[in-house]
There are 2 protein chains.
Amino acid sequence: MSVKVKKGNKKLSSNMEDYLEAIAVLKKDRGVARVGDISRLVNVKKPSVTSALSVLSGKGLVVHERYGYVEFTPKGKIIARGIKKRHDMFVRFLVDVLGIDSQTAAEDACRMEHTVSSETFENLTKFIEFVDTHPDGDRPEWLKRFDHYSKTGKRLKCTIKEAGRRAEE
Amino acid sequence: MSVKVKKGNKKLSSNMEDYLEAIAVLKKDRGVARVGDISRLVNVKKPSVTSALSVLSGKGLVVHERYGYVEFTPKGKIIARGIKKRHDMFVRFLVDVLGIDSQTAAEDACRMEHTVSSETFENLTKFIEFVDTHPDGDRPEWLKRFDHYSKTGKRLKCTIKEAGRRAEE
DNA sequence: AAGATTTGTTAAGCTTCTCTAACAAAGAAA
DNA sequence: TTTCTTTGTTAGAGAAGCTTAACAAATCTT
């Protein structure tokens, strides 16, 4: 016989993901997460936070007693960690590869992080790893070429060093 | 003295962008866009399309008379073109760079395309250009290295040709 | 042309998420 | 402790978008 209780096992909306993420950030930065801080971070009014918390609570992701701090359940903590991972990954891609300024990157990441399939997430992660763990020097040669292409619209046919020498002429 | 008519100049919601995009696709593929086809493409019921069309109509982006085909206004056509550009660019990135299968890439692109800032869009466009207009051969050497890294988790320290030779051993 | 089928619209209602206004609890200060 | 201030909650309402059910127009068939 089937269970009647709402399981709340559906996928989270991106709004709810935002709340979870904000809570994670606050707990990390200040130790505790309070309604007012969440509302500031997510950029909504406090009543919206209260109602979001009751939703998340219903899904078994946070614990929140009236007028108290917000805590994660173990399940909530795991999900929040996953969200943060995706977020950071996007920021890294936008900043490290595309050269977006970190302010804009953070904003874009906040929106993009809710939309990717796990395939894309995985491959993008690998891509960033590939870039960031590059052996020779901080930044791969080809990315330096991209930087140049991005700035000037022109391809470098030679190495950066040669280009540097030329530029000095 | 200020105009009282609703100008409808606000930014489009991503839902409305989806409708515009669907209309563009249909007009391109079949010459005309009808409510039923749009509803299938966007994956909503027909009444949702009808009401979306009245919104888009109110914003001066489409023309739609009862029981008739849907047409773009000049303004609508321009906007739809922009949306399609972003969409295609994402698909190219996901497929050409990350190696996502085109089915998943299309789905992801549909969601991601609504979320990027113009900075990110521009830089991502440049990045794709940089990749796709690579001079020597179809695919840049470093991307081949990424493909390998992605598949095996191991970096190639040598050229692909050498790796190929090794693999044959 | 008459009826049957397909296609589109209207009406009404639900869900999610937001807001403002008003109130209640907690904490700080007197 | 009584009052003031800050913080949080409740209630009520509204925007967007979606759905189903019922109806109307258009099109196809014969």
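In what follows, every chain begins at residue 1, and chains take the letters A, B, ... in the order their sequences are listed.
- Taking 4.0 angstrom as the limit, A:S51 places none of its side-chain polar atoms (N or O) nearer than this to OP1 or OP2 of C:dC17.
- For B:E21 and B:R81, the salt-bridge test fails: no basic side-chain N is under 4.0 Å from an acidic carboxylate O.
- Using cut-offs of 30° and 60° for the angle between ring planes, the A:F93 and B:F127 rings count as perpendicular.
- Near-neighbour residues of DNA chain D inside residues 22-42 of chain B, defined by a heavy atom below 4.0 Å, are absent.
- Remark: P of D:dA16 and CG of B:L56 are 13 Å apart, rounded to the nearest angstrom.
- Distance A:E65 CD to D:dG8 P: 14 Å, rounded to the nearest Å.
- Using a 4.0 Å cut-off, some side-chain N or O of B:S13 falls inside it from OP1 or OP2 of D:dG17.
- Interatomic distance, CG of B:D37 versus NZ of B:K27, reported as 13.0 Å (0.5 Å rounding).
- Out of C:dT9, C:dT18, D:dG17, the shortest distance to the side chain of B:N15 is found at D:dG17.
- B:Y19 comes within 4.0 angstrom of sugar-phosphate atoms only, judged by non-hydrogen atoms across all strands, and of no base.
- Per the geometry, CE belonging to A:M16 stands 15 Å off P belonging to C:dT15, to the nearest Å.
- When side chains are defined from C-beta on, A:L20 does not count as touching A:K84, because their heavy atoms never get closer than 4.5 Å.
- Rounded to whole angstrom, the span from the NZ atom of A:K45 across to the P atom of D:dT9 amounts to 16 Å.
- Between B:L12 atom CG and B:L61 atom CG the span is 5.5 Å, to the nearest 0.5 Å.
- Taking side-chain N and O atoms only, B:H64 has no distance below 4.0 Å to OP1 or OP2 of C:dG8.
- Looking at A:H114 and A:D18, their side chains do bring a donor and an acceptor atom within 3.5 Å of each other.
- Summarising the geometry, the separation between CG on A:L53 and P on D:dT10 is reported as 11 Å, rounded to the nearest angstrom.
- The distance from atom NZ of A:K46 to atom P of C:dA21 is 14 Å, rounded to the nearest whole Å.
- Taking for each of B:G68 and A:V44 the nucleotide of DNA chain C with the nearest heavy atom, the 5'-most of the two is the partner of B:G68.
- Atom CG of B:D18 and atom P of D:dA16 are 17 Å apart (whole Å).
- With DNA chain D read from its 5' end, the first of the two nearest nucleotides for B:P47 and B:V55 is the one closest to B:V55.
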Distances under 3.5 Å between nitrogen or oxygen atoms of protein and nucleotides 24-27 of chain D:
unit_1	atom_1	unit_2	atom_2	d
D:dA25	O4'	B:Y67	OH	3.4

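- Ring orientation note: the planes of B:Y149 and A:F130 are tilted relative to one another, at an angle of 30° to 60°.
- Donor-acceptor pairing under 3.5 Å is lacking for the side chains of A:S150 and A:D147.
- Between the A:T73 side chain and the A:G60 main chain, a donor and an acceptor come within less than 3.5 Å of each other.
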